[in-house]
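Before any comments, here is the structure.
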Amino acid sequence: MTDKPEKFIDENGIRSDGRRANEIRDVKIEVGVLSRADGSCYLEFGKNKVMAAVYGPREVHPRHQQKSNRAIVRYKYNMASFSVEDRKRPGPDRRSIEVSKVSREALENQIFTEYFPKSAIDIFVEVLQADAGTRTAALNAASVALADAGIPMRSLVSACAVGKVDDTLVLDLNKNEDNYGQADVPIAMTPDGKITLLQMDGHLTPEEFKQGLEMAQEGCRQVYELQRKALIDYYSKKTEVVTEATTAEDVKKDAPEEPEDVTPVDVTEDTEETEKIDDTNEIGVTKETDDTKEPGDTKATGDTEETEDTVKAGDVEELEDSGEEVPEGGKNADETYGQMDESEEETSNE
């Protein structure tokens, strides 16, 4: 732990880390950093580094904790042993239990728990590096992780602290200001100004408290804009990736399939084969016409000629007397019938 500085604010109104009294520290928010969690967020608030993960809604274990008309919200705040200069004893302590309780109450009021009866929503926050204001940083990360998990909420919850050093109100205390300052007031609220968390350590006059509340409200508004921007940027990029992948698949499906083996063919050979095919077709047509044409047996129907294959019995006798060949269905047909009659008689005699 460093020694207490002589002054926290110089003559020009600049604090020890270069900020003015009403300025917050730099904030970095990354959404969806854990693939196995339903929602996750990594947040840097100054030198604070916090990881938040949300699981659920899911089944409650043990069963006796479940509520028949709403979901239960469980919040676990933990500081890693290496998060502070002097190694912290691992495991829960009184402070972490207290921070977990007040943080759960700050978020639970904004979640539509009645949508998920007999279920649980678990929020885990791990402080990887601490530099004052870890409970407010954890709340900001948990709120974004809940939104990433798709948990229906009335609004995001944004948190910021206001304090007093050198008899001056300052926004978002750093480590030295938190350790040696005159007051520390962490506040969490919704964008419409509804306060969900307010604690105070130290002494403030009523006028100072009112002024500090206005400063904290402005700080929470700035944090909310950063939370909202991080979520919009993350899902905008995610939507673009999905859209590009879908478009690529559609183009691939619509594209004509290319033949596997393409053998080049000489144009001259194609021409000769085509001419042969044309000649064959002409010859075939002529032959069929000659065979089907018989005097008195053809009927013209448009361009098509039909041939009568049926020959009457009287015509067969005339053809036999004239010595002309008898078409099928005439004499041959009678012989066939005669043979059939003989075979039937033999069968009956047997």
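Computed from a predicted model, the values in this text were never measured in an experiment. Quick note: numbers below take in every heavy atom, side chains included, and nothing from hydrogens, waters or symmetry partners.
When the side chains of ILVMFWY residues are joined at heavy-atom separations under 4.5 Å, either directly or via intervening members, Ile29 and Leu146 end up in two distinct hydrophobic clusters.
Contact annotation: the side chain of Asp131 approaches that of Arg25 to within less than 4.5 Å [non-hydrogen atoms, C-beta and beyond]. In this structure, Val185 and Leu213 have side chains that are not in contact, with every pair of non-hydrogen atoms separated by 4.5 Å or more. Counting heavy atoms from C-beta on, the side chains of Thr134 and Val50 never come closer than 4.5 Å.
Taking CG from Leu156 and CD from Gln227, the interatomic distance works out to 5.5 Å, rounded to the nearest 0.5 Å.
Inspection of the Gln182 and Glu208 side chains reveals no N or O donor paired with an N or O acceptor under 3.5 Å. Under the 3.5 Å distance criterion, with hydrogens and angles disregarded, a donor-acceptor pair is assigned to the side chains of Asp93 and Ser96.
A side-chain contact (heavy atoms from CB on, under 4.5 Å) with Val102 is found for one member of Leu139, Leu198, Leu197 and no other, namely Leu197. Each of Leu43, Ile232, Leu231 was scored for a side-chain contact (heavy atoms from CB on, under 4.5 Å) with Val31, with one residue passing: Leu231.
A salt bridge is absent between Glu98 and Arg94: the closest approach of a Lys/Arg side-chain nitrogen to an acidic carboxylate oxygen does not fall below 4.0 angstrom. Comment: Arg58 engages Asp122 in a salt bridge, judged by a side-chain N to carboxylate O separation of less than 4.0 angstrom.
Taking a 6.0 Å sphere around CG of Asp26, one finds it holds 12 or fewer heavy atoms contributed by other residues, nucleotides or ligands.
Looking at every heavy atom in both residues, Thr136 comes nearest to Gly133 through OG1-O, 2.8 Å. Counting all heavy atoms, side chain and backbone alike, Ala183 lies closest to Leu173 at O-CD2, 3.7 Å.
Hydrophobic cluster membership of Tyr55, counting Ile, Leu, Val, Met, Phe, Trp and Tyr whose side-chain heavy atoms lie under 4.5 Å apart directly or via other members: Phe124.
Scored by the salt bridge (charged side-chain N to carboxylate O under 4.0 Å, His left out) test, Asp17 finds Arg19 as partners (sequence neighbours excluded).
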Donor-acceptor contacts, no H, no angles, side chain residues 147-155, under 3.5 Å, sequence neighbours left out:
{"from": "Asp148", "atom 1": "OD1", "to": "Tyr235", "atom 2": "OH", "distance (Å)": "2.6"}
{"from": "Asp148", "atom 1": "OD2", "to": "Ser40", "atom 2": "N", "distance (Å)": "3.1"}
{"from": "Arg154", "atom 1": "NH1", "to": "Asn109", "atom 2": "O", "distance (Å)": "3.0"}
{"from": "Arg154", "atom 1": "NH1", "to": "Ile111", "atom 2": "O", "distance (Å)": "3.4"}
{"from": "Ser155", "atom 1": "OG", "to": "Gln110", "atom 2": "OE1", "distance (Å)": "3.4"}

